[in-house]
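Report on the structure given below.
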2 protein chains.
Amino acid sequence: MNRKATALDVAKRAGVSRSAVSLVLNGRGDGNVAKESQDRIRQAALELNYSPNAIALSLRNQRSRVIGILSDEVVVSPFDGNIIGGADDVARSRGFVTVVMDTERDAARDASAVETLLDRQVDGLMYVTVGLKPIEVPQGMLRVPSVLANCYDDHPQPQLHHVIPDEVTGGRQATEHLLQLGHRDIALLAGSEDSPAAPLRVQGYRDAHAAADAPIREDRIFMAGWDIDAGYRGTMKLLDGASPADRPTAIMCANDRLAIGVALAAARLGLSVPEDLSIMGYDDETRIADTMIPALTTMALPLREIGRAAMTTLLDAIEGAGEGTHTAGKGTTVETMVPCRLVVRESTGPAPTR
Amino acid sequence: MNRKATALDVAKRAGVSRSAVSLVLNGRGDGNVAKESQDRIRQAALELNYSPNAIALSLRNQRSRVIGILSDEVVVSPFDGNIIGGADDVARSRGFVTVVMDTERDAARDASAVETLLDRQVDGLMYVTVGLKPIEVPQGMLRVPSVLANCYDDHPQPQLHHVIPDEVTGGRQATEHLLQLGHRDIALLAGSEDSPAAPLRVQGYRDAHAAADAPIREDRIFMAGWDIDAGYRGTMKLLDGASPADRPTAIMCANDRLAIGVALAAARLGLSVPEDLSIMGYDDETRIADTMIPALTTMALPLREIGRAAMTTLLDAIEGAGEGTHTAGKGTTVETMVPCRLVVRESTGPAPTR
DNA sequence: TTGAAAGCGGTACCAG
DNA sequence: CTGGTACCGCTTTCAA
């Protein structure tokens, strides 16, 4: 109801001036304000439940302690949601607040969102995408310290620092896990070319095979899509009617939803997982991978870590900023790669002997 | 980069005073400022790419055109994400910006988040939850116009307007769909008591049976949980080893993930969907329901609509506000119920004859 | 028709 | 040690 208390209210109540209130409440009381006054001020502030008006502060200090986050799809996705969660953790712990604006994959809205945020005096900007992808950096982002999370500037001379998962290594380690279990015929449902993550994971798959001196059958690699139905159909193509000797003993999927489709198909064909067929997911999607039957072995995307790392980089740039050195200057790393993490559950097991 | 242009810059360039700039750019130039000056001002503003500093505006006008959104779990959930998406649509179209703060289900953080937002002079507050649930309204929310989305104040005398889905009707219509297909033995995997939605949907299930004069077998109702494994286990209990005559012909689930478990179990048991068994989901979860094999018939939660309705209510209160009438005054509706929507796909079909 | 000045809520500097 | 005052960028009133 009634307005919040201002510094003036506190000053009156404590019988001092506004300046004194400001000093004391900002920890610079000692040596400037009498001990006794300090106590009265603190007491009054408490009684009035005073906290400074952030707007006035921003105007005065020319910094808002707000970080703007642009996302191409937050609000429907558990993926960049987690990135934002991680970013927010870090921001909060350092006294910043994050403001999320969703552009719903409409590039035209990016620019206007950036302007809106800039008008609100954000101290920094972060751009987050659902899947790994190249983006066109909105011009305005170069006006304040900025960072890219899970996406990157595709230009020859990238201006901004980006933080992305190490997909090649992820693909490799997932494959190695299977190889170590004795699998030698591993099919790969690799998503589709629309995501740069797909070819990277395929690369990891190839690297692992090469390192293990295991041959690759090109017809085992499918670029079919990312959804349950694609997993199901791919598996049917692979397994239905094939003689046991000509079946892959493991199927590696580019995400957990594909793995659901694989499991569905396996069940329909009367195959046991992991006895007859091992299934490997990717992403470690919450509430999916861990509750599947059987629980999915998967490669966890380090989403929270990406968010944390990106925000840390950003805040360091802001708080350390002496000059307008917020674009990646010489000597600054332009890319941070965060490793994925293998999560072994029950959907993978030793290759069947045949 | 160089700082943004201020009204003073524009004034100088146009050779007028700041006041003139303000008047003209706010559409109150006619009758106050000479036509010619107006043109010069507009021209200068354009050249300098001027837009007013939102911070200064907020301080001056005592309103920020920012709506704070508190969420107990946005950032990992496609559910309240959609609510926020709908809310944001409405806010944007009316010239407001939304700021999302995630409290990650930590009630203690609610209060501090509200304070933070209040310090930033938000014009209104919205509280969003992932699942329908009663909440303890943070005190601060009563200081500005506020609304609850997908949650409600459980107190005898609720202070805030809330917008929730009509779960009873949802449960009833889902059941009716099955009843109309001839099913008379419909099992219900009802989630668990931790959500108030569960009993409401059960109520709908009962209502539909009563209206159709169909008897209910109490042992067909399971409160087992919300995840894939619960769906699988529940189905196994229901179907495995049971004589065909004693099997339910349809299984209704309280969410789509349960339905995945059901489908997995059915496949394992060699049952065809929907020929031998119909499966009904709930939620219409993106990328799950529509891509399942077979595609899931489900009851869509009206999440976007909830968000839109809640934000509309809120902004109406803010913009219409003559006095401090922002708590639901007499005559004001305190509850808005939004209907769910049946989405018929391929997992339900006529009951098998036996 | 125009410009000067006050004030929104703070902080910081500078006399006293 | 303390209080007065200028200023952040903008709107609005008031006097010229």
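These numbers come from the heavy atoms of this one structure, side chains and all, not from hydrogens, waters or symmetry mates.
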* Structure fact -> Among the nucleotides D:dC10, C:dT2, D:dT2, whichever has the atom closest to the side chain of B:Ala34 is C:dT2
* Asked: How long is the line joining CG of A:Asn32 and C1' of D:dG3, in whole Å?
  -> 13 Å
* Structure fact -> To the nearest angstrom, the CD1-C1' distance between A:Ile41 and D:dT2 comes to 10 Å
* Asked: Just checking B:Val16: base, sugar-phosphate only, or nothing, at a heavy-atom cut-off of under 4.0 Å?
  -> sugar-phosphate
* To do: Please report, rounded to the nearest Å, how far the C1' atom of C:dG7 is from the CZ atom of A:Arg60.
  => 16 Å
* **Under 4.0 angstrom between B:Ser37 side-chain N/O and C:dT2 OP1 or OP2** => yes
* Structure fact -> When rounded to whole Å, the CD to C1' distance for the pair B:Glu36 and C:dT2 reads 14 Å
* Structure fact -> Checking C:dC8, D:dC10, C:dT2 against the side chain of B:Tyr50 (C-beta onward), the nearest is D:dC10
* Asked: How do B:Arg28 and A:Val33 order along DNA chain D: which one's closest nucleotide is nearer the 5' end?
  -> A:Val33
* Select one nucleotide: of C:dC8, D:dC10, C:dC13, the one nearest the side-chain heavy atoms of B:Leu57. => D:dC10
* **Whether B:Asp153 side chain and B:Pro158 backbone form a donor-acceptor pair below 3.5 Å** => no
* Do we see a donor-acceptor contact under 3.5 Å between the side chains of B:Thr103 and B:Asp110? -> yes
* Asked: Out of D:dC8, D:dC10, D:dT11, which nucleotide sits closest to the side chain of A:Gln62?
  -> D:dC8
* **Rounded interatomic separation in angstrom, taking CG from B:Leu59 and C1' from C:dG7** => 9 Å
* Nucleotide D:dC10, atom P - distance to CG of B:Leu8 in whole Å -> 9 Å
* Asked: Could B:Asp88 and B:Arg304 be called an ion pair, given the rule that one side-chain N must be under 4.0 Å from one carboxylate O?
  -> no
* To do: Indicate, with a heavy-atom threshold strictly under 4.0 Å, whether A:Ala7 touches base, sugar-phosphate, or nothing.
  => sugar-phosphate
* Asked: Between A:Arg63 (CZ) and C:dA12 (P), how many Å, whole number?
  -> 11 Å
* Asked: In this structure, which one of A:Thr312, A:Asp89, A:Asp316 forms a side chain to side chain donor-acceptor pair (under 3.5 Å) with A:Arg94?
  -> A:Asp316
* When only distance counts, do a donor and an acceptor, one from the side chain of A:Ser19 and one from the base of D:dG4, lie under 3.5 Å apart? -> yes
* Asked: Among D:dG3, C:dA5, D:dC10, which nucleotide sits nearest the side chain of A:Ser17?
  -> D:dG3
* Rounded to the nearest angstrom, tell me the gap between atom CD1 in B:Ile55 and atom P in D:dC7. => 21 Å
* OP1 or OP2 of C:dT11 less than 4.0 angstrom from a side-chain nitrogen or oxygen of A:Asn26, does that happen here? -> yes
* Asked: Does A:Glu319 come within less than 4.0 Å of A:Arg65, counting only side-chain N to carboxylate O?
  -> yes
* **First of B:Leu23 and B:Ala56 reached from the 5' end of DNA chain C, by closest nucleotide** => B:Leu23
* C:dA12 base to A:Ser22 side chain: any donor-acceptor pair below 3.5 Å? -> no
* Is B:Arg18 near enough to D:dT12 that one of its side-chain N or O atoms lies under 4.0 angstrom from OP1 or OP2? -> no
* Between A:Arg109 and A:Asp72, is the closest basic N to carboxylate O distance under 4.0 Å? -> no
